[in-house]
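Here is the structure we will look at, set down as structure tokens.
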Amino acid sequence: MSGNTLPPKERMKIPRQAMPEQEADLRRHTFTEVNQGLTVLGATTEALRCLECAKPVCMTGCPVGVKIRDFVELITAGDYLGAASKIREDNVLPAITGRVCPQETQCEGCCILGKKFEPLGVGYLERFVADYEREQGRIGLPEIAPPTGKRVAIIGSGPAGLSAAGDLVRWGHAVTVFEALHEIGGVLLYGIPEFRLPKEIVRHEVNALGQMGVEFQTNVVVGKTVTIDELMTEDGYDAVLVATGAGLPKFMDIPGEHLSGVYSANEFLTRVNLMHANDFPKYDEPVFDCRGQDIAVIGGGNTAMDAVRTAARLGARTSTLIYRRTEAEMPARVEEVRHAKQEGIDLLTLANPVAFLGDDEGRLTAVRCIRMELGAPDDSGRRSPVPIAGSEFELPVAMAVVALGTGANPLVQSSTPDMATNRKGYIAADPETLRTSKRGVFAAGDIVTGGATVILAMAAGRTAAASIRDYLDTGRWDGEPPSPA
Ligand SMILES: Cc1cc2nc3c(=O)[nH]c(=O)nc-3n(C[C@H](O)[C@H](O)[C@H](O)COP(=O)(O)OP(=O)(O)OC[C@H]3O[C@@H](n4cnc5c(N)ncnc54)[C@H](O)[C@@H]3O)c2cc1C
């Protein structure tokens, strides 16, 4: 029941509530979260802006189909816990997606209000109720069906694996998640920094899944510690979901990439996010000592933005983002770019490194770049960057981070030869059912699509879970006749 009695005209007059943010001058020195979350008053006011459309088109923009109008109505009725439970029916990680989803191109991009005014702050509201629920210590866990006796192994504990685990365990299947690293969460833990997504929140959401009955096994590298065949034949799993992500860094293949001081974004971010290198020597993992140094990050996506903002927080004197197109083409979220600029990050656009230069001891001293201009649109529809002959210049830096995207880690594929992969090494899966070519094995998330988003990985996890349920119920695999009743 909605508590919103305002006529639509009045609703439209309410301005979108701003997200309270930590001051840029303060936050550039700390890893505490930049966005502070709406207050109860802010969230209730924002919820009152919702037009409660008969056909809520916002939902069509949400890859997991969160019942947005329903949960917003519960907020206006003052039932924040009810609102959180409503979201959890479709999304097991609301405190995370409320923070990291590119809402501007999804739910909020479809909001009718956005045609004339600012769209409803769906992400802000999702985050608010999930945080409220956590702070109250009352996570609204869904009901769990009686045990089916079927067992599912999930490989990888990123958003794809976790969302599939949430659905499967709810339906009564026994679920074990195998993770190569020593902590659960995938990119949510080792990639996205604390100042955007506090790790305590990831751990809390993972705990909720544990309470629902999901079993987690860390430090298990499938393909080495155990293979998919062993899981199915020796350990008796009835189905397997591969959700191993796309965590293999790409390098530039230019001279000097081996120099000390050149990092992949994966390594740089893992050291800080997962291994607490920002607290060295309290924690024993070191990272490049950025204090007082000039550093550069190469790339224009979320990863590049996270790396450059992390380096700034580690005390870099100057932090420069080198991107070969212009700011308008940057794939990173607009909010991240804005925050980065506020924090003093320099954007060096229309430039591309051609070599890393070092001293006699093999330490990086500079990046040699070439200026670019935009030419004709390429396959991606974006204007392609073209080098301007003779325009090379050098940027002195002590550390450089390469953040040019990632590829598929081949380990699981190479140890499962009867599971087909595509040209780029990603797992070939039927787009509707997410079945692979190997009976009983499904795949979801970045390991199928290549690097995408948290919510798309979660949506794929749910699709795979539904398909696994169907397989476990019917025993049917492609092309086979239904088994006799
Ligand atoms: C730095 C960074 C910032 C990002 N920011 C955003 C953002 O703001 N918003 C957004 O929507 N998306 C963002 N993304 C993208 C998003 O995080 C990914 O699309 C998403 O995490 C993919 O989920 P996944 O479950 O497929 O894989 P992952 O999250 O990559 O998880 C895969 C897991 O599988 C494990 N694994 C791999 N191989 C094995 C094996 N052989 N055995 C056992 N375990 C294995 C890995 O250790 C990992 O924990 C970002 C990505 C990065 C790298």
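Keep in mind the model is a prediction, meaning the values are calculated, not measured. First listed ligand is number 1; within each ligand, the first listed atom is number 1.
- Separation of the Phe178 and Phe216 ring centroids does not fall under the 6.0 Å cut-off.
- Looking at every heavy atom in both residues, Cys58 comes nearest to Cys110 through CA-CB, 4.0 Å.
- Only the side chain of Val412 comes within 4.0 Å of ligand 1, judged by heavy-atom distances.
- Each of the atoms 33 (C), 34 (O), 35 (C), 43 (C), 44 (N), 46 (C), 47 (O), 48 (C), 49 (O) of ligand 1 lies under 4.0 Å from some heavy atom of Glu179.
- Every atom of ligand 1 with a heavy atom of Phe178 under 4.0 Å away is listed here by number and element: 43 (C), 44 (N).
- Between the side chains of Thr218 and His182, not a single donor N or O lies within less than 3.5 Å of an accepting N or O.
- Residue-ligand proximity, Ala243 to ligand 1, at heavy-atom distances under 4.0 Å covers atoms 32 (C), 33 (C), 34 (O).
- At under 3.5 Å, not a single nitrogen or oxygen of Ile447, backbone or side chain, sits near a nitrogen or oxygen of ligand 1.
- Contact annotation: for Pro159 versus ligand 1, heavy atoms closer than 4.0 Å belong to both the backbone and the side chain.
- Any N or O atom pair closer than 3.5 Å counts here, and Val100 shares at least one such pair with ligand 1.
- Under 4.0 angstrom from ligand 1, there are no non-hydrogen atoms of Lys224.
- Under the 3.5 Å distance criterion, with hydrogens and angles disregarded, no donor-acceptor pair is assigned to the side chains of Gln106 and Glu108.
- Of the options Ile155, Val187, Leu188, the smallest heavy-atom separation from atom 21 (O) of ligand 1 is shown by Val187.
- Ring planes of Tyr283 and His276: parallel class, angle under 30° (limits at 30 and 60°).
- At under 3.5 Å, a nitrogen or oxygen of Asp446, whether backbone or side chain, sits near a nitrogen or oxygen of ligand 1.
- Remark: ligand 1 atoms within the under-4.0 Å shell around heavy atoms of Val221 are 42 (N).
- At least one N/O-N/O distance between Ala160 and ligand 1 falls below 3.5 Å.
- Taking every heavy atom of Leu181 and a limit of under 4.0 angstrom, the matching atoms of ligand 1 come to 47 (O).
- By the 3.5 Å distance cut-off applied to N or O atoms, Gly445 is not counted among the residues near ligand 1.
- If you check the side chains of Glu329 and Thr326, you find a donor sitting under 3.5 Å from an acceptor.
- Every heavy atom of Gly223 sits 4.0 Å or more from the atoms of ligand 1.
- Near Val220, meaning under 4.0 Å from any of its heavy atoms, are these atoms of ligand 1: 42 (N), 43 (C).
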